[in-house]
Amino acid sequence: MFDSMKEGNAYRCLINGRWVSGRQPPIEVIQPADKRVLGTVPALSKEEVDEAFAAAKEAQKQWAETPVSERSALLHEASYLLEERAEEIADVLSREISKDYASSLSEVKRTADFIRFTADEGKHLAGRTVGADSFPGFHKRRFSIVTRVPLGVVLAISPFNYPVNLSASKIAPALVAGNSVILKPPTSGAISALHLAAVFSEAGLPAGVLNTVTGRGSEIGDYLVTHPMVDFISFTGSTAVGKRIARQVGMVPLLLELGGKDAAIVLEDADLDDAAKDIVSGAYSYSGQRCTAVKRVLVVESVADALVEKLKERVLALKTGMPHEKVQITPLISDQAADYVQELIDDALAKGAKLVCGNRREGNLLWPTLFDFVTTDMRLAWEEPFGPVLPVIRIQDAEEGIEIANRSEYGLQAAVFTKNIDLAFSIAERLEVGTVHINNKTERGPDHFPFLGVKSSGMGTQGIRYSIEAMSRPKVVVVNLEP
Ligand code: NAP
Ligand code: G3H
């Protein structure tokens with residue numbers, strides 16, 4: 001299946017049903033763990049990007065006419081093939097983005113589930129009939145028939161940390177709704193994403209319905225997002241790039257999944273063992289490189305010592321090493337990413353935070369780091385490290401926790417740990433985030449739940465049904481019968 005997508009380790013892009021090598025010198029994709037070249041991907045020129053868009057525009061017309069049962073069946077086939085190739089793709093993914101192998105395999109399998117669920121959900125997307133007579137002054141022989149139609153060409157831009165899952169979470173809903181897709185994968189993660197595209201192609205997707213364009217976002221990003229053939233953009237990535245896209249695209253509808261600084265608020269009556277377990281797994285899995293990672297702990301003073309002790313015990317038990325080993329902490333995606341995390345650590349140390357454990361580094365491999373007594377003048381209290389470092393901020397009460405949680409520019413998720421369910425609900429109501437978890441870590445799944453960020457964390461709602469709705473629109477035909 002993967003033979004035609006590459007020659008040696010030179011990968012190609014899928015454009016109009018063919019695997020093409022770019023006309024410009026390709027980009028090397030470096031394995032973060034050992035800095036070896038995993039392969040190359042094309043750095044597509046503007047002309048090649050235009051060819052991809054032209055193919056997508058043309059193919060979409062026929063794809064929209066294809067019965068949804070057939071579109072759904074094709075997605076089922078893709079899901080089956082992905083599951084069948086899960087180990088092979090997980091191996092590439094693990095090496096390409098330095099994600100531990102178990103988590104890589106779980107990303108691929110979760111993606112197969114996602115595509116399958118989307119295939120089923122797409123068949124239930126129905127319109128409705130609205131009678132005019134419910135509005136004063138109108139009679140019942142006038143009514144509107146509302147159906148849902150695709151938007152056209154969807155530009156999907158995915159981030160490095162889930163190149164398979166967060167590419168498929170855009171592709172599958174777009175396709176089942178009758179759109180065609182241009183996928184711009186992250187440069188670190190492009191090879192894994194091309195494997196996903198190969199799976200869709202092998203499943204029998206008609207030429208041009210899914211196309212991939214590789215190249216550095218900083219070079220082709222502006223050209224892509226302002227391309228006249230784009231009808232919808234689904235972007236997941238940093239807040240800085242998301243805001244840049246939003247400024248440029250004018251009236252093109254946009255879905256943005258951006259950064260976060262998810263707070264875990266721990267109250268006096270919380271089960272501290274459970275809280276510590278969830279917080280550590282939420283903060284450090286994939287070395288903290290998850291939008292939904294717990295990125296700060298706000299704990300009431302009276303239980304702070306006990307919680308920090310439990311956190312420390314669990315953090316010290318985390319294993320650090322290479323992605324193919326049985327570890328939780330692996331090298332970060334790049335040296336620059338590690339430098340940034342180190343800056344935040346150094347700033348916290350300089351301003352008097354207490355280092356509980358960690359702050360050891362070899363290149364881009366950072367050992368899991370825990371800080372206590374972090375205060376609101378430190379960068380670590382507000383910035384998203386995207387690395388294995390967790391600040392504990394001590395608070396007087398829930399009120400102060402809500403205030404600090406809401407003072408963030410981000411609003412992705414939050415967690416509240418307490419046995420008082422009434423209090424948990426009232427705190428949840430006041431937190432300015434898309435989702436609040438009561439007595440659990442912050443996390444995205446299950447993938448059919450609505451998923452959204454507010455403030456600088458995003459715009460619009462993902463989640464299987466929500467994504468299909470976002471990538472389609474109502475079409476209204478009004479019937480006027482003789483009164
Ligand atoms: P990123 O640097 O913003 O890159 C995301 C994607 O945008 C990549 O494909 C990148 O391509 C592309 N890109 C870069 N510059 C562009 C431009 N000017 N125009 C259009 N596209 C451009 O983010 P990342 O480092 O991959 O991912 C980490 C960030 O994503 C974190 O902030 C994290 O919180 C966020 N994230 C959010 C969610 C969520 O659901 N809310 C999920 C995952 C990640 P290149 O790789 O070629 O630069
Ligand atoms: O990085 C952002 C992902 O959407 C988070 O998904 O909570 O399942 O790790 P996750």
Side-chain angles (χ1 to χ4, degrees), residues 27-39 90-107 159-163 186-192 238 259 279-291 293-297 308 311-372 374 378-380 383-392:
I27 301 170
E28 288 186 339
V29 177
I30 308 292
Q31 300 180 166
D34 56 13
K35 307 291 195 294
R36 288 168 58 183
V37 177
L38 176 65
D91 180 56
V92 173
L93 177 62
S94 176
R95 285 187 282 137
E96 186 171 25
I97 61 161
S98 181
K99 184 176 275 192
D100 67 273
Y101 180 76
S103 301
S104 299
L105 187 60
S106 132
E107 176 177 340
F160 82 82
N161 64 337
Y162 280 92
T187 297
S188 301
I191 294 176
S192 306
S238 62
I279 288 170
V280 169
S281 108
Y284 295 97
S285 57
Y286 187 36
S287 312
Q289 296 171 114
R290 293 166 50 243
C291 59
V294 174
K295 292 182 182 134
R296 48 192 172 141
V297 176
V308 169
L311 291 174
K312 178 182 174 185
E313 204 176 300
R314 288 182 176 275
V315 173
L316 288 174
L318 294 172
K319 295 204 165 37
T320 302
M322 293 297 128
H324 60 274
E325 297 167 343
K326 285 192 174 154
V327 297
Q328 294 81 38
I329 307 293
T330 48
L332 295 187
I333 194 70
S334 66
D335 289 345
Q336 297 92 301
D339 288 345
Y340 178 63
V341 179
Q342 191 66 55
E343 259 183 46
L344 298 186
I345 290 175
D346 293 345
D347 177 74
L349 283 171
K351 290 179 179 154
K354 181 183 169 196
L355 179 68
V356 179
C357 56
N359 192 22
R360 177 179 162 201
R361 177 177 176 185
E362 283 172 18
N364 56 340
L365 180 61
L366 266 69
W367 269 252
T369 300
L370 178 66
F371 275 107
D372 194 1
V374 169
M378 300 175 189
R379 292 174 59 189
L380 196 51
E383 295 180 36
E384 180 188 41
F386 233 56
V389 55
L390 180 65
V392 174

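Owing to the predicted nature of the structure, the values given are computational and were not obtained by experimental measurement.
- Every residue two or more places apart in sequence or in another chain was checked for a side-chain hydrogen bond (donor to acceptor under 3.5 Å, both in side chains) with S334, and none qualifies.
- A donor-acceptor pair under 3.5 Å is absent between the side-chain atoms of D372 and the main chain of V308, judged by distance alone.
- Across P385 and L380, no two heavy atoms sit closer than the pair CG-CD1, 4.3 Å.
- Identified under the salt bridge (charged side-chain N to carboxylate O under 4.0 Å, His left out) test for residues 330-359, with sequence neighbours left out: K35-D335, D339-R361, E343-R379, D347-K351.
- When the side-chain hydrogen bond (donor to acceptor under 3.5 Å, both in side chains) test is applied to R314, no partner is found at least two apart in sequence or on another chain.
- In this structure, the side chain of N364 engages the main chain of L332 through a donor-acceptor pair within 3.5 Å.
- The residues E325 and K319 are annotated as not salt-bridged, no charged nitrogen and carboxylate oxygen being separated by less than 4.0 angstrom.
- Screening T369, L366, L344, N359 for a side chain to side chain contact (heavy atoms under 4.5 Å, CB included) involving V389 leaves a single residue, T369.
- For E96, there are no salt bridge (charged side-chain N to carboxylate O under 4.0 Å, His left out) partners two or more places apart in sequence or in a different chain.
- The heavy-atom pair separating A283 from A293 by the smallest distance is O-CB, 4.2 Å.
- Judged by a 6.0 Å distance limit and a 45° cone about the ring axis, K99 is positioned over the six-membered ring of Y162.
- Looking at residues two or more places apart in sequence or on another chain, you find no side-chain hydrogen bond (donor to acceptor under 3.5 Å, both in side chains) involving N161.
- Remark: Y340 engages E383 in a side-chain hydrogen bond (donor to acceptor under 3.5 Å, both in side chains) (not counting sequence neighbours).
- Applying side chain to side chain contact (heavy atoms under 4.5 Å, CB included) to I333 and the options P186, S98, S188 leaves one that passes, S188.
- Looking only at distances, a side-chain donor or acceptor of R290 sits under 3.5 Å from a matching main-chain atom of G282.
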